Amino acid sequence: MVLKVFFPSCCATAESGLLIGRWIPEQNSAVVLAVVHFPFIPGQVKQYLSEVQRVTQVNMCVLGSWSNSKQEKEEVLDKFLEDLSTIFSHEPWIQLSKEGDSKFWSCCIFQKYPSSPKEHEFILVYYDQRKVMLSQLHPTDSLTTSADHKGNDASELGAVFDTVAKSKVLFMTDRYDDGPIKLTHWQSEGVEASIIVELMKQASVPVCVLLTFLLSLVSSVCKSRVLKFWPLSFIWSKLSTCEQLGHRLEHLQIISSNRKAQNQTQLMRKANIFVSLLIDVALGILLMSWLYRENRIGQLADTLIPVADHIAKELQDLLQWLMGVPAGLKMNRALDQVLGRFFLYHIHLWISYIHLMSPFIEMILWYVGLSACLGLTVALSILSDIIALLTFHIYCFYVYGARLYCLKIYGLSSLWRLFRGKKWNVLRQRVDSCSYDLDQLFIGTLLFTILLFLLPTTALYYLVFTLLRLLVVVVQGLIHLLVDLIDSLPLYSVILRLCRSYRLAASVKFRVLEQKPGKPLRLLMQINPLSYGSVVQTYRLTSYACYPKDSWSSLCKKLFVGELIYPWKHKEEKQD
């Protein structure tokens, strides 16, 4: 039988005493947490362990004895340590001893009622108590989906990490305490503390109370019935700025909540949200300081009108080209002129609107720049909305062309079924056979011919304005991608992986220290941290989606049949 003893490396130089920790009978292993030094009173040790066990909910007991004799081995001490097994009734009683300056340790057990006469083999595993306590073991797919023995190893390591993590109360006692029990563990030289951290904890209480009150006030305003009426509800649902503000409002409510995190995952989520908000606001303030320096707002406002005029001139030249003989293609002259003049009139209206707003553009940009103090993501969302408003005429052109093209495509497909003696059954959502008379076939032939010859002209306009619409969608998509990256990237976890990689443990590795026949095998347990990709995948934050996500096949199908891609108003499904 193999008996594994997990021994903290900080206790290797401790004076002789008792080994306290947890015995895991299912895995036949012992997790040593601390060493109790002489002198001590057994009754006080038992009382102390019962109190710790009540607080930590860990089945803590005296595992055995520890002997660190720098001189020759004393028989009296060995006899005394062996007699302690009668006071602390634990099966089996483990006795570890370090022989002088030798690097080999001796290990033996005493059992009152031995279950098997076989000789025990010992594996002594050293671990860094502080790193194991602060780290969180993340189960990997290779451990959960592999063989049974790997799953057992993962559960054993999880029990070790869980035991050390829950025993924080035990580590609060150091050698400077005046109590009757003296312990050796990773904080035995003095409990770690930070004055700055304690001051921040005290100062965060009134700040969180004030922030919670303000957020509750803002959320009550946002949930008021006034915003649920049209057109405010439509504007709130379509503007990226409103979506981002609502998303950040949820984040602020999470981090200002007085509800304690139930587990490590929730704690990491709160920390990631807090760091993401902090960096977002810092970048926004940097952007705001750059905009208001050297009158860059005025320069931007002076550049906006000439750029709008240049874009309008390019669109007019494009329409003049389409109204002629584009690329040598023969278009329907009457339809070509009607569509071209229709779109030219829209461009004229749009330019008039831009010049009408030109005296107020600098003031609008000045107030928009102030919104950067809410975060870089809010400023980027406002930029996306400004692009959507400035290219509204392109969106209108795309909708007009798509509707005409879609009408002709569906008309041609319906008339093509007429020639084959078929029709679309709306109730059953399928194609059924149908008989038509001569007049219906004649009218269908005329309509099919008209739509077929008008299709190239409509398709050319649809193609041009679809490409312009896709260009605008790509620009807005890049902005939304950057906003989504800032919102969802777990920056705290990435920084933690960079600075203290042991906090995010993926697995462990064992390095052989010493191996000698007749002596326990000595191993050193080291933590393997999570990869950066796994950290991002595990702790990635949720983000909002401005547009529904379509696959490439559905997107190509929509482009071919003329359905709107990323429309401002989505179709509502009819319910019976």
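Computed from heavy atoms alone, side chains included, the values below leave out hydrogens, waters and symmetry copies. Because the structure is predicted, anything quoted here is derived from the model rather than measured.
Shown here are the salt bridge (charged side-chain N to carboxylate O under 4.0 Å, His left out) partners of Arg296, two or more places apart in sequence or in another chain: Glu294. Residues satisfying the side chain to side chain donor-acceptor pair (under 3.5 Å) test with His355, not counting sequence neighbours, are Asp309. Applying the salt bridge (charged side-chain N to carboxylate O under 4.0 Å, His left out) rule to Arg341 yields no partners; only residues at least two apart in sequence or on another chain are considered. Evaluation of the ring-ring contact (aromatic ring centres under 6.0 Å, His included) rule for Tyr400 yields Phe342, His346 as partners, not counting sequence neighbours. Taking Phe465 as the reference, Phe343, Phe397 meet the ring-ring contact (aromatic ring centres under 6.0 Å, His included) condition, with sequence neighbours excluded. Residues satisfying the side chain to side chain donor-acceptor pair (under 3.5 Å) test with Arg333, not counting sequence neighbours, are none. With sequence neighbours excluded, the residues forming a salt bridge (charged side-chain N to carboxylate O under 4.0 Å, His left out) with Lys313 are Asp317, listed by chain and number. Considering only residues two or more places apart in sequence or on other chains, Asp162 meets the salt bridge (charged side-chain N to carboxylate O under 4.0 Å, His left out) condition with Lys166. In terms of the side chain to side chain donor-acceptor pair (under 3.5 Å) criterion, Tyr353 has no residue partners (sequence neighbours excluded).
In this structure, CG on Leu300 lies 9.5 Å from CD1 on Ile361, to the nearest 0.5 angstrom.
Residue pairs satisfying the side chain to side chain donor-acceptor pair (under 3.5 Å) criterion with at least one member in residues 440-468, sequence neighbours excluded, are listed as follows: Asp336-Tyr461, Lys408-Thr458. Screening residues 531-541 for side chain to side chain donor-acceptor pair (under 3.5 Å) gives Gln136-Tyr539, His138-Tyr539, Asp484-Arg540, Ser488-Arg540, Ser531-Ser534 as the qualifying pairs, with residues at least two apart or on separate chains. Sorted by first then second residue, the ring-ring contact (aromatic ring centres under 6.0 Å, His included) pairs that include residues 248-297, not counting sequence neighbours, are His247-His251, Tyr292-Trp366.
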